[in-house]
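For reference, the structure discussed in these notes is given below.
The structure presented is a predicted model; accordingly, all values stated were derived computationally and were not measured.
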Amino acid sequence: MESIGVLMPIPMNGYLEQELDKRFNLLRLWKAPEKSGFISTHKNSIRAVVGNSKAGADAQLIEALPKLEIISSFSVGLDKIDLAKCKEKGIRVTYTPDVLTDDVADLAIGLMLAVLRKLCESDRYVRGGKWKKGDFRLTSKFTGKSVGIIGLGRIGMAIAKRAEAFNCPISYHSRTQKSEVNYKYYPSVVELASNCQILVVACALTEETRHIVNRGVIDALGPKGVLINVGRGPHVDEPELVSALVEGRLGAAGLDVYEHEPAVPEKLFELENVVLMPHVGSATVETRQAMADLVIGNLEAHFLNKPLLTLAV
């Protein structure tokens, strides 16, 4: 398989690159001085693309690679891949579900605690020597807060189970009501936001879910509400979120993702009612290695004509 060209658009993970190098002809697009020329030169040897949550394969790239057979995503999200074009051309698409569920759910709970108990702010309070001048102000309890989840898939369910351990009543919104759970279902996101204290975004990004958290949802959550986003940045209308936080129409937010990563609205840097993370939901050594192994396993299975491990398309 050493002659099979595998295109990687951007750097992703050292272990993944190392293991791909051992098995395939890994072509690092970001190192090419002229990308379109690089793709044109190698188009007949590239049979696979490895993408992630930041770079995948749009229609233009797919059309430029006549020998492309498979796109293996180093991510659970597929919003950077033109799935319709893949179906049209018979290109297979794999992803990395399950292995990152725990880490993302853990971070969601961590963000809730960090926001409500002001962990980051109180850490700065101690480091800045302010404790010597007086105690830190009182914060808000997490246990027992009502948690509403947008998207009760693998990650949403894992968040729900963790929040239940804190005696949090759980409700949710998804495309369809799930008969196998006893959580309260709301047919609209506005209704969900109106009936919870913490709203968590954990759904897949599609055209239907883009800006699913808009001004109406934010206003329904209200000045005491908390928004947690561990989904994708475009799930939230970011300018509306910023203005709501600045104006006090929304109580607080814990964010791991942003609409135009790595750019983050600078107004958020000035706010103490926001906890900001640099899109690290699955960024642990253990999980990134498991994700890399899954990417490699899917590629090997495809080129050995074996069943794919995690087929998406």
Side-chain angles (χ1 to χ4, degrees), residues 1-100 103 205 232 261-262 279-313:
M1 290 189 287
E2 291 85 355
S3 63
I4 295 171
V6 175
L7 182 70
M8 183 179 282
I10 62 173
M12 298 178 192
N13 176 270
Y15 170 77
L16 175 60
E17 288 183 43
Q18 173 187 306
E19 294 303 310
L20 287 171
D21 270 326
K22 290 178 183 177
R23 297 163 172 80
F24 304 100
N25 177 25
L26 180 60
L27 301 168
R28 295 167 170 85
L29 182 59
W30 71 92
K31 292 189 174 182
E34 207 282 299
K35 292 180 173 53
S36 60
F38 183 84
I39 289 170
S40 180
T41 299
H42 296 282
K43 65 181 183 181
N44 289 318
S45 69
I46 295 172
R47 296 169 62 189
V49 170
V50 173
N52 67 1
S53 62
K54 296 180 178 67
D58 59 14
Q60 183 179 358
L61 179 60
I62 293 169
E63 289 288 0
L65 300 174
K67 305 295 185 182
L68 184 61
E69 301 171 23
I70 183 171
I71 299 168
S72 189
S73 182
F74 183 61
S75 169
V76 71
L78 299 170
D79 47 286
K80 296 298 184 182
I81 300 171
D82 192 322
L83 298 179
K85 181 62 70 174
C86 289
K87 289 177 183 176
E88 175 191 320
K89 292 188 165 290
I91 295 165
R92 307 174 92 182
V93 178
T94 65
Y95 64 141
T96 58
D98 298 321
V99 292
L100 50 67
D103 277 350
L205 180 62
R232 288 286 186 267
E261 295 175 6
H279 198 158
V280 291
S282 64
T284 65
V285 172
E286 298 88 347
T287 290
R288 289 293 169 89
Q289 182 168 329
M291 290 167 65
D293 288 339
L294 201 46
V295 167
I296 294 158
N298 276 309
L299 291 174
E300 287 183 325
H302 172 76
F303 291 114
L304 292 173
N305 293 313
K306 294 181 178 179
L308 296 180
L309 305 178
T310 52
L311 179 65
V313 173

Under a 3.5 Å threshold, yes or no: a donor from one side chain and an acceptor from the other, between Ser36 and Glu34? yes
How about Gln60: does its CD atom have over 12 heavy atoms from other parts shown lying under 6.0 Å from it? no
All pairs passing side-chain hydrogen bond (donor to acceptor under 3.5 Å, both in side chains) where residues 5-23 contributes a residue, at least two apart: Tyr15-Asp293, Glu17-Arg28, Glu19-Lys22, Glu19-Arg23, Asp21-Arg28, Arg23-Glu300
Could you measure the distance from the CG atom of Leu68 to the NZ atom of Lys43? Nearest 0.5 Å is fine. 13.5 Å
Ile46 and its side chain to side chain contact (heavy atoms under 4.5 Å, CB included) partner, picked from Thr41, Leu27, Leu61: Leu27
Shortest non-hydrogen contact from Ile71 toward Cys86: CD1-SG, 3.6 Å
Under 3.5 Å, is there a donor-acceptor pair between the Thr94 and Ser72 side chains? yes
Heavy-atom side-chain contact between Trp30 and Pro11 under 4.5 Å: yes
Using every non-hydrogen atom in the two residues, find where Gly56 and Pro9 come nearest and quote the distance to one decimal. O-CG, 3.9 Å
Could you pull out the closest heavy-atom pair between Ala59 and Asp82, with the gap in Å? CB-OD2, 3.4 Å
Keeping the roles fixed (side chain from Asn298, backbone from Thr310), state whether a donor-acceptor pair exists under 3.5 Å. yes
Interatomic spacing from CG in Leu294 to CG in Leu100 - rounded to 0.5 Å: 9.5 Å
Donor-acceptor contact below 3.5 Å, side chain Arg47 vs main chain Ile70: no
Between the side chains of Asn25 and Ser45, does any donor sit under 3.5 Å from an acceptor? no
Would a 4.5 Å heavy-atom cut-off, applied to side chains only, mark Ile296 and Leu16 as touching? yes
Please check if the number of heavy atoms outside Lys35 that lie under 6.0 Å from its NZ is greater than 12. yes
What closest approach, in Å, do Met12 and Ala55 show between heavy atoms, and which atom pair accounts for it? CE-O, 4.5 Å
Side-chain heavy-atom pair Phe303, Glu69 within 4.5 angstrom cut-off: yes
Does the side chain of Asp103 pick up a donor-acceptor pair with the side chain of Thr284 at under 3.5 Å? yes
